Amino acid sequence: MKKIIKNGLIVTAADTYRANVLIENGKISAIGTHFDEDGAEIIDAKGCYILPGGIDPHTHLDMPFGGTVTKDDFETGTKAAAFGGTTTVIDFCLTSKGERLKNSITTWHNKSKNKACIDYSFHLMVGEINDEVLDELPQVISEEGITSFKVFMAYKNVFQADDETLFRTLLTAKDLGALVMVHAENGDVIDYLTKKALEEGNTDPIFHALTRPPEAEGEATGRAAQLTGLADSQLYVVHVSCSNAVEKIAEARNKGLNVWGETCPQYLVLDQSYLERPNFEGAKYVWSPPLREKWHQDILWNALKNGQLQTLGSDQCSFDFNGQKDLGRGDFTKIPNGGPMIEDRVSILFSEGVKKGRITLNQFVDITSTRIAKIFGLFPKKGTIAVGSDADIVIFDPNVERVISAESHHMAVDYNAFEGMKVTGEPISVLSRGEFVVKEKQFVGNPGSGQFIKRAKYGDELSEQGRESLQSTQI
Ligand SMILES: NC(=O)NCCC(=O)O
Ligand SMILES: [Zn+2]
Ligand SMILES: [Zn+2]
């Protein structure tokens, strides 16, 4: 059945205007003021914004880590994402040394199909470069539609790759049309500092932050950027947490390098002091890179405002406080790294960013959706309100005030990192390809309805499906 969204204010990365949206066959088929309403379901968006669905470029759902597995899987994680105004997630498909990439990708498809409530895609971790990997990577792009590779510069003896691997991944990505993503922290230095801390009897959660200093992130970010320049390739730095890394990204971009930077809501509003909370509560805030001293937040906000950083990912990687974070009592290195952020990403940027005058409304849409779609080969299928685009739409009330809490959130995890935070603005209804996933704050979606999306190569202006959708509107 066709749907018409009426009385709302459409907000894209470029424009803000009043118009109605006609949805047919899962797509936006027209934007205008007068539509034949016969047989249409009318959605009243009075007092609300009509936003393109958020795109979360950084999630870890159903991911094994530190001897346990993240609490949120593709079902609970994507359901919570939808409640938070996100309609597409790009999750990290892990690989193991010696395992065929195809097998790792199949494992991730098995985790997600029949579970995801919204559309999704994968990035592929590259942990080693050898003849087999080089042989398989072209098909990862052309057949699997996975056009971004992730290299970890930290987590020694677990995920960490060496500089040769990073450099050769950058060279290969350049040839194949893929984007290389890095977790940029100097894993060797961190490994030394953590061992030393434990030897000295420093076992509390705060030592997670103290053994991963901003300099280790700045150094790795600068190194990755330099290697990107040498390879004439393209780089996306995930979860930027500090001034040291922003400086290196800005420096690279000023030289004309293709370097992009993502930050996360936790680094914008929480700080290192959270790790000092008593009764082991600091463990709730253990993730990598760690929370920083408060002054870094202004640098991150300013970088979002002036375009030195371009996107906001959640780095959703949730572990219960009871039974999972607990693994690190008496040894902070055993606390599983990660936190629950998927649901609050969009609202926090709106409330703390737009409402507090730090960024504009159109920048907010760009940072949470449009730019991500463009960088990761999803545009214009995803990431905008335009004729021919998927009807992934959020009806967002910009004035409602509420308090974030684990009691009301939809993630499966037993705490919320932003507990007690007052925010203004809330997604009221969320549509994925024209079907409600959340309607008037109630879940009406279906696990398994989310589709895997094959993405365009890096730098291709339009995704294949985007091209198709535009062609069909021109007829
Ligand atoms: N961020 C974090 O602590 N856990 C997830 C894995 C990663 O992104 O490094
Ligand atoms: Zn990371
Ligand atoms: Zn991550």
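Each ligand, and each atom within it, is numbered from 1 in the order the structure gives. No experiment lies behind these values; they were computed from the predicted model shown.
Taking a cutoff of 4.0 Å between a charged side-chain nitrogen and a carboxylate oxygen, Lys174 and Asp232 qualify as a salt bridge. Comment: Glu143 does not engage Lys454 in a salt bridge, judged by the lack of any side-chain N to carboxylate O separation of less than 4.0 angstrom. Note on Arg100 versus Glu136: salt bridge recorded, some NZ/NE/NH1/NH2 to OD/OE distance being below 4.0 Å.
Closest approach of Ala417 and Tyr285 over heavy atoms only: O-CE2, 3.5 Å.
For the pair Lys284 and Tyr274, the NZ or CZ position fails the cation-pi test of under 6.0 Å to the six-membered ring centre and within 45 degrees of the ring normal. For Lys374 and Phe379, the positive end sits near the middle of the six-membered ring, less than 6.0 Å away and at most 45° from its axis. A cation-pi arrangement is absent between Lys111 and Phe74, since the terminal nitrogen or guanidinium carbon is not both under 6.0 Å from the aromatic centre and inside a 45° cone about the axis. Both the sub-6.0 Å distance and the 45° axial angle are not jointly satisfied by Arg371 relative to the ring of Trp260.
Other residues, nucleotides and ligands contribute only 12 or fewer heavy atoms inside 6.0 Å of the CD atom of Gln226.
Taking the six-membered ring where the residue is Trp, Tyr155 and Phe65 present perpendicular rings, their angle passing 60° and hence far from 30°.
For the pair His60 and ligand 1, the shortest N or O to N or O distance falls below 3.5 Å.
Excluding waters, the set of protein N, O or S atoms lying under 2.8 Å from the Zn ion (ligand 2) comprises His183 ND1, His239 NE2.
For ligand 1, the atoms closer than 4.0 angstrom to any heavy atom of Cys317 are 4 (N), 5 (C). Those atoms of ligand 1 with a heavy atom of His58 less than 4.0 angstrom away are 8 (O).
In this structure, atom 4 (N) of ligand 1 lies nearest to the protein heavy atom Asn337 O, 3.1 Å. In terms of protein heavy-atom proximity, atom 3 (O) of ligand 1 is nearest to Ser288 N, 2.8 Å.
Rounding to the nearest 10°, we obtain 110° for the angle at the Zn ion (ligand 3) between His60 NE2 and His58 NE2.
Contact annotation: for Asp315 versus ligand 1, heavy atoms closer than 4.0 Å belong to the side chain alone.
Ligand 1 is approached by Tyr155 to a heavy-atom distance shorter than 4.0 Å.
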